[in-house]
Amino acid sequence: NLRIKEWITQYLKTNDKKTLKKFIFYTTSSNYQLINEKITIKPIMYLSSSHLPFAKTCSKMLHVPNYNDYSSFENKLNMAIHNCIGFQME
């Protein structure tokens, strides 16, 4: 979906480094993204806008529900990435 691709681009261009690091961690379960690794964005049109985006970190895939506008997308993505615990090894 072109709209979601544009929203992801806008999100990545307009947020600070701390938020971008959280985005990388949320989508990959790693603090670092290698240059040759890609994060796949998959629109999930059958999920309503009440759902949060969710990641499958092993496959580096972000599933994005059907949001009506950028503001809803941004709010839900921020909610997801800023409240994620993830898998951390000690």
Side-chain angles (χ1 to χ4, degrees):
N1 188 322
L2 181 61
R3 180 176 65 167
I4 292 174
K5 183 179 177 182
E6 290 172 354
W7 290 349
I8 290 288
T9 301
Q10 181 178 348
Y11 186 84
L12 296 175
K13 286 182 176 181
T14 58
N15 275 287
D16 60 15
K17 286 184 181 183
K18 182 179 177 182
T19 300
L20 296 179
K21 286 181 90 169
K22 286 183 173 279
F23 176 83
I24 294 295
F25 183 78
Y26 184 73
T27 55
T28 67
S29 197
S30 172
N31 289 317
Y32 305 99
Q33 179 70 17
L34 299 177
I35 292 171
N36 61 347
E37 289 182 320
K38 292 182 181 181
I39 297 171
T40 302
I41 309 301
K42 183 170 174 102
I44 307 294
M45 304 316 282
Y46 61 84
L47 285 181
S48 75
S49 60
S50 65
H51 289 84
L52 295 176
F54 62 94
K56 292 185 178 176
T57 58
C58 291
S59 57
K60 296 173 179 48
M61 186 175 295
L62 179 66
H63 295 267
V64 181
N66 188 23
Y67 299 113
N68 294 325
D69 54 51
Y70 177 78
S71 179
S72 299
F73 162 78
E74 181 182 37
N75 289 335
K76 294 289 187 172
L77 184 56
N78 281 332
M79 205 180 306
I81 69 170
H82 289 290
N83 294 296
C84 136
I85 296 171
F87 300 103
Q88 297 183 7
M89 305 289 277
E90 291 187 15

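None of the values given here were measured: they were computed from a predicted structure.
The main-chain N or O of N68 is never found under 3.5 Å from a side-chain atom of S72 such that the two would form a donor-acceptor pair. Within the 3.5 Å criterion, the main-chain N or O of Q10 finds a donor-acceptor partner in the side chain of T14. The backbone N or O of T27 lies less than 3.5 Å from no partner atom in the side chain of K60, so there is not a single donor-acceptor pair. At distances below 3.5 Å, not a single donor-acceptor pair connects side-chain atoms of R3 with backbone N or O atoms of Y70.
For NZ of K76, the number of neighbouring non-hydrogen atoms (other residues, nucleotides, ligands) closer than 6.0 Å is greater than 12.
Between the side chains of N78 and Y11, at least one donor N or O lies within less than 3.5 Å of an accepting N or O.
The shortest side-chain heavy-atom distance between I39 and I24 falls under the 4.5 Å cut-off. L62 has its side chain within reach of F23: a pair of non-hydrogen atoms, C-beta onward, lies under 4.5 Å apart.
The minimum heavy-atom distance between P65 and S48, with the atom names listed, is CB-O, 3.6 Å.
Partners of H51 under the ring pair (Phe, Tyr, Trp, His ring centres under 6.0 Å) rule, at least two apart in sequence or in another chain, do not exist in this structure.
Other members of the cluster containing L52 are M79, with ILVMFWY side chains joined at under 4.5 Å, either directly or via other members.
Follow the hydrophobic side-chain contacts under 4.5 Å out from V64 and you never reach M61; the two are in separate clusters. Both L77 and F54 are assigned to one and the same hydrophobic cluster, defined by single-linkage of ILVMFWY side chains at heavy-atom distances under 4.5 Å.
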>> Show, in sequence, the C-alpha distance, side-chain angles and deciding distance for I8 and I41, and conclude whether the side chain to side chain contact (heavy atoms under 4.5 Å, CB included) test is met.
In response: CA-CA 9 Å; I8 290 288; I41 309 301; 4.1 Å; yes
> Can you check side chain to side chain contact (heavy atoms under 4.5 Å, CB included) on N75 and Y67, steps first, answer last?
Replying inline: CA-CA 10 Å; N75 289 335; Y67 299 113; over 6 Å; no
> Checking side chain to side chain contact (heavy atoms under 4.5 Å, CB included) for the pair L47/N66: CA distance, chi angles, key distance, verdict?
Replying inline: CA-CA 6 Å; L47 285 181; N66 188 23; over 6 Å; no
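Rounded to the nearest 0.5 angstrom, S30 OG and K21 NZ are separated by 10.5 Å. Atoms NZ and OG1, on K56 and T40 in that order, are 11.5 Å from each other to the nearest 0.5 Å. Here L20 contributes atom CG and K17 contributes atom NZ; the two are 9.5 Å apart, rounded to the nearest 0.5 Å. Here the straight-line distance linking atom CH2 of W7 with atom CG of L2 works out to 11.0 Å at 0.5 Å rounding.
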